[in-house]
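First comes the structure, then the notes that go with it.
All values derive from a computational prediction rather than experimental measurement.
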Protein chains: 2
Amino acid sequence: MDRPELGFLLSRLMREVMAREKPILEAAGLEMWDYAVLTALADSAAPTQAQLAATTGRDKTRLIGNLDRLEAEGMVARRPDPADRRNRIVSLTPAGSRVLRRCREAIEAMETELLADLDPADRAGFERALTSLAETDR
Amino acid sequence: MDRPELGFLLSRLMREVMAREKPILEAAGLEMWDYAVLTALADSAAPTQAQLAATTGRDKTRLIGNLDRLEAEGMVARRPDPADRRNRIVSLTPAGSRVLRRCREAIEAMETELLADLDPADRAGFERALTSLAETDR
DNA sequence: GTATATCGTAAGCGCGCGTAGATTATCTGT
DNA sequence: ACAGATAATCTACGCGCGCTTACGATATAC
């Protein structure tokens, strides 16, 4: 297919998505990284902060600040692992869970709107391909 | 469809593509922005640097450094517009054109490999959808 | 001819980033 | 009991980013 390069297309689309997400997250008092952290904790708590850093892609020393604030606002809990007290188990609080759900819904609505004009088959292929490609971690 | 959010998928894929492009561009002595500039000049010269900045998305004061280096290495030419000597017309030199073509070929090969495992129909839909979405400038 | 606007350029601002080193608490192997 | 590894934290780099201000050269409006 003849098209601009992936990098350009992706960075353009990325900017667009970011621009649309930003006001949603700001309304909830979250930064991008906060949201990534909450999302990573949605299914299950993180056994260590280092692992949470790895799964979110956040630098582990930078993650600390996000957790400090999220904890202060009661969205996240840090408790020492009883089995190894060096580790901090990071988990979502009910309040954090609520904030996350609200943001998630708003963002999904935004995405639906963004993708609305696509040919349905293209859209399905796009989502399948993107999901598959995002798992390509070398 | 049930999938992670667009933002996460895109940023993961973006990182992968960047990681694969980097060594190619480094081998040619280019930074990411240099390559974006050369690509923008491929079809036609830029009538002003401000316009080149706008089309590439680069801040216009930051663009200057890229042009300085590209010009010093003979890949790009800056000449005053005879009709309005405040403007600098930026154009690709033959050498710049060669470097661009070589990088472009390597990057296209990389992309082909990256997309190789996709279902062909998904891949076609992915490329069409991405191209279309990247044109969504609000 | 004088005021106003535009282009390219230089310099400096605060920001977030990844990284590195040191520190403290804790666990593991011997 | 002791040496070495590991987790979280703090501090401090240097980097590139976008943004702002200032300035000289040039063009345009009156």
Subject >> A/Arg86 (side chain) and D/dT6 (base): donor-acceptor pair under 3.5 Å >> reply: yes

**OP:** Spell out yes or no: do the side chain of A/Arg62 and the base of C/dG16 have one donor N/O and one acceptor N/O closer than 3.5 Å?
**Re:** no

Subject >> Pair A/Arg12 + A/Glu16, salt bridge at N-O below 4.0 Å >> reply: no

Original post:
If you measure from the Lys or Arg side-chain nitrogens to the Asp or Glu carboxylate oxygens, is any gap between A/Asp34 and A/Arg58 under 4.0 Å?
Top reply: no

Could you check which of [options] has an atom nearest any side-chain atom of [X]?
X	options	value
B/Arg88	D/dC17, C/dG8, D/dT9	C/dG8
A/Arg85	C/dC17, C/dC27, C/dG8	C/dC27
B/Ala50	C/dC27, D/dG18, C/dG8	C/dG8
A/Ile64	D/dG18, D/dC10, C/dT9	D/dC10

Atom [atom1] of [X] to atom [atom2] of [N]: distance rounded to whole Å?
X	N	atom1	atom2	answer
B/Lys22	D/dG16	NZ	P	10 Å
B/Leu70	C/dG8	CG	P	16 Å
A/Asn87	C/dT24	CG	P	20 Å
A/Leu67	D/dA7	CG	P	16 Å
B/Gln49	C/dA10	CD	P	10 Å
A/Arg78	D/dA7	CZ	P	16 Å
A/Glu31	C/dC15	CD	P	12 Å
A/Asn66	D/dC10	CG	C1'	16 Å

Subject >> With B/Met75, the side-chain contact (heavy atoms from CB on, under 4.5 Å) member among B/Leu30, B/Leu100, B/Leu92 >> reply: B/Leu30

**OP:** Keeping the roles fixed (side chain from B/Glu111, backbone from A/Leu6), state whether a donor-acceptor pair exists under 3.5 Å.
**Re:** yes

**OP:** Could you tell me whether the side chain of A/Thr56 and the main chain of A/Leu52 form a donor-acceptor pair under 3.5 Å?
**Re:** yes

**OP:** Taking only the side-chain nitrogens and oxygens of A/Trp33, find out if one of them lies under 4.0 Å from OP1 or OP2 of C/dG16.
**Re:** no

Original post:
NA contact type, B/Asp84, heavy-atom cut-off 4.0 Å: base, sugar-phosphate, or nothing?
Top reply: sugar-phosphate

